[in-house]
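Both backbone and side-chain heavy atoms feed into the values below; hydrogens, waters and symmetry mates do not. What you are looking at is a predicted structure, and each value in this text was computed from that prediction instead of being measured.
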Amino acid sequence: MSETDGGVRGRDFTGYRIAGALSALLFLVLLAWQVTVLFSADSTVQPEAAWRVASEGAGDAGSGTLASEALTARTRLLDERFRTGPSPEADAPEGALSQDFALEQTPLDDGAALTRAWSVPDEDTAAMMHEPGRVEGISSLPYSNAALYERPFARDWRLGMSDVITHMGALAILGMAFLLSAVLALRGRVPIRRGKSGRSVKRFGFVERATHWLTAVSFLGLAFTGIAIAYGETLFVPLGERAMGTLGWWSTWGHVLFAPTFFLGLVVMAVMWTGRNLPSKLDINWIAKGGGFFSDDGPHPPARKFNAGQKLIFWSAILGGLVMVATGVTLMFPFYWLDIGGMSWAMLIHAAIAVLLIAVFLGHIYIGSVGMHGAIHAMWSGRVDRNWAEDHHELWLREEEPAEGGAS
């Protein structure tokens, strides 16, 4: 190993490991906060404020909403159309309160008590209630499910989206980030065992690299916009409601715009690399030895162009990505081929696969950047150091060197 390589490994031990330790500490704190929220959060909706009618000088105080205006508007909306009509200039219904009354908002001391009062019926009330089931009526409104009044699966859907997938996603993403940071802190970067040789080998061509970056950038766009949609209230509302509104608007449109390029990248990758990513006996040996990532002693398990870890990433991208595209298109064009039950499942599956793919690709990003010395050149310049190739893809190197007439 050269003096330069020794210096690189020295910097790995200090700079990268310290950065990994600090990152691990940060993600551990976030994980602890998420677990606390998971086990302390109440799954019921609790009102925080109530409206009351105030009469003492309410018309001059300027606080609250004038009760006469609110009740007039509500009465006009509910009244027969031939009596009041849709126009605001129509005659006001009789019985509205005078301008001396106003509706004022006051905080509730215990919204949970009010929630329990209507959500948990007493014995007499429960005896009159029917068993939960799907209830449909008759409607002439021109949109799907207008006649659907009650659907018990909606409660399961809300539980799945608001609790299970939301918390699962946070735990998966933060957990993977903590695990990778801890590995960096304890293990450091995976070095090139014999140091750089100064000779390079072509690993990926231009089309392969362009397809990879097209898919990667598109996925990052989908991930960031999806996180903004799913976790925006928690992450971005503290920055201000205007910032959240702007971010939500861009995320809603951006999430749709990144989808076509992501799908295109998946298709081209599948055509180029499926044959080289089929399982083989080499993958069992590679997995059994942990890819050689946990020890600098001895050779890494041999692999062809793609090792078992890269194959797992590839099939996660192809299969998971295609499911994401299929469910995403279904959500973009609701009720074209699925009913409301199918749409609910499509949203649940879309959200669950999304957070799992984000967690998986964090590992891919880590290995391809700070986790392994020399790996990023494969997809950046298309060429890798010969010693790196011999460490991680020995069988592929033997195949390529005769074709290149030796390494350059």
So [Y] and [X], do their side chains get closer than 4.5 Å, heavy atoms only?
X      : Y      : value
Met161 : Met347 : yes
Ile340 : Phe335 : yes
Trp380 : Arg209 : no
Ser23  : Leu184 : no
Val190 : His373 : no
His364 : Phe314 : no

Between Thr261 and Ser218, do the side chains contain a donor N or O and an acceptor N or O under 3.5 Å apart?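 A donor-acceptor contact under 3.5 Å links the two side chains.
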Is the shortest distance from a Lys or Arg side-chain nitrogen in [X] or [Y] to a carboxylate oxygen in the other one below 4.0 Å?
X      : Y      : value
Arg398 : Glu390 : yes
Arg304 : Glu399 : yes
Arg193 : Asp391 : yes

Do the side chain of [X] and the main chain of [Y] share a donor and acceptor less than 3.5 angstrom apart?
X      : Y      : result
Trp213 : Met379 : yes
Thr274 : Val271 : no
Asn307 : Ala303 : no
Arg203 : Gly382 : no
Glu400 : Leu397 : no
Asp283 : Ser280 : yes
Arg187 : Phe293 : yes
His255 : Leu222 : yes
Ser200 : Val384 : no

Is atom CH2 of Trp315 surrounded by more than 12 heavy atoms (other residues, nucleotides or ligands) closer than 6.0 Å?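 Counting neighbours around CH2 of Trp315, more than 12 heavy atoms of other residues, nucleotides or ligands fall under 6.0 Å, so yes.
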Decide if atom CZ of Phe263 counts as having more than 12 heavy atoms of other residues, nucleotides or ligands within a radius under 6.0 Å. no
Can the ring centroids of Phe224 and Trp250 be said to lie less than 6.0 angstrom from one another?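 Centroid distance Phe224-Trp250: not below 6.0 Å, so no.
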In terms of relative ring orientation, are Phe361 and Phe219 parallel, tilted or perpendicular, with 30° and 60° separating the classes? perpendicular
With respect to Phe204, which candidate in Met272, Arg383, Lys305 satisfies the side-chain contact (heavy atoms from CB on, under 4.5 Å) definition? Lys305
Can you tell me how far the CD1 atom of Ile173 sits from the CD atom of Gln34, to the nearest 0.5 Å?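 It is 10.0 Å, given to the nearest 0.5 Å.
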Is the terminal nitrogen or CZ of Arg189 (NZ for Lys, CZ for Arg) located under 6.0 angstrom from the six-membered ring centre of Tyr16 and within 45° of that ring's axis?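 Yes; both conditions hold, so Arg189 lies above the ring face of Tyr16.
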